[in-house]
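The analysis underlying the following values was restricted to heavy atoms, covering all of them including side chains, and did not include hydrogens, waters or symmetry mates.
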Amino acid sequence: MNRATKTHMTSPMFFPNMGMAPFFKVTVFEQEHFQGRCQEFTSECCNIQDCGLDNIRSIRVESGAWVGYEHHDFQGQQFILERGEYPHWDAYSGSLSYHVERLMSLRPIYCASHQSSRMTIYEKENFLGRCVEMCDDYPSLQAMGWMKPEVGSMHVQCGAFVCYEYPGYRGQQYIMECEKHSGDFQHWRNWGSHCQTPQIQSIRRIHH
């Protein structure tokens, strides 16, 4: 693989208090505002219907970082779920153009490491063209000097990031982890089964 010389984006980095490795726990509810039948998870679930729920419409993440999926078996649109409460679909979806109130599978993001996350984005597929190393949160890539609205490929050296279709952490979400594909995402179609475009305009580190 031909990887170009890296350009560094510089912005202040925040280092939270370091502690023990997180314990993963999430409670999901069949109805909005934490109503109806519920189920607690401490590990992945590939089909919530196997657990007696028809759908997930509200979520309480007690610890760890998770990713939820629109379909069974970790397929379809992705939703980053960090510690906190999500009383309805709009609370965890960054996309208003693709409104599907459906979440059928979820899993922990074990490699998330906010204080040491690092990735490189490339202008073209297969790690070619101009590249930039990233280790912070970027609400607008173009404001930070990335001239194109698209990203061709990515390499996650450590930790995990969530990439967004639009500035300000909006639009379709793509979870990029060092433990998936050995951190190598050679083509934008590797970002997820729901990916239809290489457009990425904001990126941030995932919090536990």
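Taking 4.5 Å as the limit, every side-chain heavy atom of I48 sits out of range of all side-chain heavy atoms of Q39. Contact check for Y166 versus Q199: side-chain heavy atoms found under the 4.5 Å cut-off.
The two residues M144 and Y138 come nearest to each other via the heavy atoms CG-CD2, 3.5 Å. The two residues Y169 and R204 have their closest heavy-atom pair at CE2-CB, 3.7 Å. In this structure, Q186 and N190 approach most closely via the heavy-atom pair N-OD1, 3.3 Å. Contact detail for G159 and S117: the closest heavy-atom pair is CA-OG, 3.6 Å. In plain terms, the two heavy atoms of Y164 and I80 that are nearest each other are OH-CG2, 3.7 Å. The shortest heavy-atom contact between C163 and I200 is CB-CD1, 3.6 Å.
Separating the CD atom in Q172 from the CZ atom in F79 is a distance of 8.0 Å, to the nearest 0.5 Å. Of the inter-residue distances, the one linking L141 atom CG with S202 atom OG reads 6.5 Å to the nearest 0.5 angstrom. Rounded to the nearest 0.5 angstrom, I121 CD1 and M176 CE are separated by 11.0 Å. Atom CD1 of residue I109 and atom CZ of residue F24 lie 8.0 Å apart, to the nearest 0.5 angstrom. The CG atom of L103 sits 9.0 Å away from atom CD of E70, with the distance rounded to the nearest 0.5 Å. Here the straight-line distance linking atom CZ of R205 with atom SG of C135 works out to 7.5 Å at 0.5 Å rounding.
Here N47 pairs with H72 under the side chain to side chain donor-acceptor pair (under 3.5 Å) rule; sequence neighbours left out. Listed by chain and residue number, F29, C38, E40, E62 satisfy the side-chain contact (heavy atoms from CB on, under 4.5 Å) test with T27 (two or more places apart in sequence, or in another chain). Not counting sequence neighbours, E125 has no partner by the salt bridge (charged side-chain N to carboxylate O under 4.0 Å, His left out) test. The salt bridge (charged side-chain N to carboxylate O under 4.0 Å, His left out) search around E30 returns R37, not counting sequence neighbours. Every residue two or more places apart in sequence or in another chain that forms a side-chain contact (heavy atoms from CB on, under 4.5 Å) with C195 is listed here: Y174, W188, W191. Residues passing the side-chain contact (heavy atoms from CB on, under 4.5 Å) test with A91 are Y86, P87, H88, sequence neighbours excluded. Residues forming a side chain to side chain donor-acceptor pair (under 3.5 Å) with S113 (at least two apart in sequence, or on another chain): S116. Among residues two or more places apart in sequence or in another chain, the ring-ring contact (aromatic ring centres under 6.0 Å, His included) test is passed with F161 by none. For C178, the side-chain contact (heavy atoms from CB on, under 4.5 Å) partners at least two apart in sequence or on another chain are C111, V156.
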Please determine whether side-chain contact (heavy atoms from CB on, under 4.5 Å) holds for the pair W146 and E123, giving the CA-CA distance in whole Å, both sets of side-chain angles, and the decisive distance to 0.1 Å. CA-CA 9 Å; W146 189 256; E123 184 180 19; 4.2 Å; yes

Go through the steps for L81 and V26 under the test side-chain contact (heavy atoms from CB on, under 4.5 Å), then give the verdict. CA-CA 9 Å; L81 302 169; V26 62; 5.7 Å; no

Under the side-chain contact (heavy atoms from CB on, under 4.5 Å) criterion, do E82 and V61 qualify, and how do the steps go? CA-CA 6 Å; E82 294 159 308; V61 180; over 6 Å; no

Give the C-alpha distance, both sets of side-chain angles, the deciding distance and a yes or no for side-chain contact (heavy atoms from CB on, under 4.5 Å) between T120 and F127. CA-CA 9 Å; T120 304; F127 316 112; over 6 Å; no

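Applying the side-chain hydrogen bond (donor to acceptor under 3.5 Å, both in side chains) test to residues at least two apart or on different chains, the pairs with a partner in residues 50-61 are R60-E85. Every pair tested for salt bridge (Lys or Arg N to Asp or Glu O under 4.0 Å) that includes a residue from residues 140-158 fails, sequence neighbours excluded, so the list is empty.
Salt-bridge annotation for R107 and E177: present, with a side-chain N of the basic residue lying under 4.0 Å from a carboxylate O of the acidic one.
V28 and F34 fall into different hydrophobic clusters, where Ile, Leu, Val, Met, Phe, Trp and Tyr side chains are chained together by heavy-atom contacts under 4.5 Å. Residues Y92 and F41 fall within the same hydrophobic cluster, defined by Ile, Leu, Val, Met, Phe, Trp and Tyr side chains chained together at heavy-atom separations under 4.5 Å.
Hydrophobic clustering, defined by side-chain heavy atoms of Ile, Leu, Val, Met, Phe, Trp and Tyr closer than 4.5 Å, leaves M147 isolated from every other such residue.
Formation of a donor-acceptor pair under 3.5 Å by the D184 side chain with backbone atoms of H181 is not found in this model. At distances below 3.5 Å, not a single donor-acceptor pair connects side-chain atoms of S153 with backbone N or O atoms of Y122. At distances below 3.5 Å, at least one donor-acceptor pair connects side-chain atoms of S105 with backbone N or O atoms of H71. A donor-acceptor pair under 3.5 Å links the side-chain atoms of Q78 to the main chain of I175, judged by distance alone.
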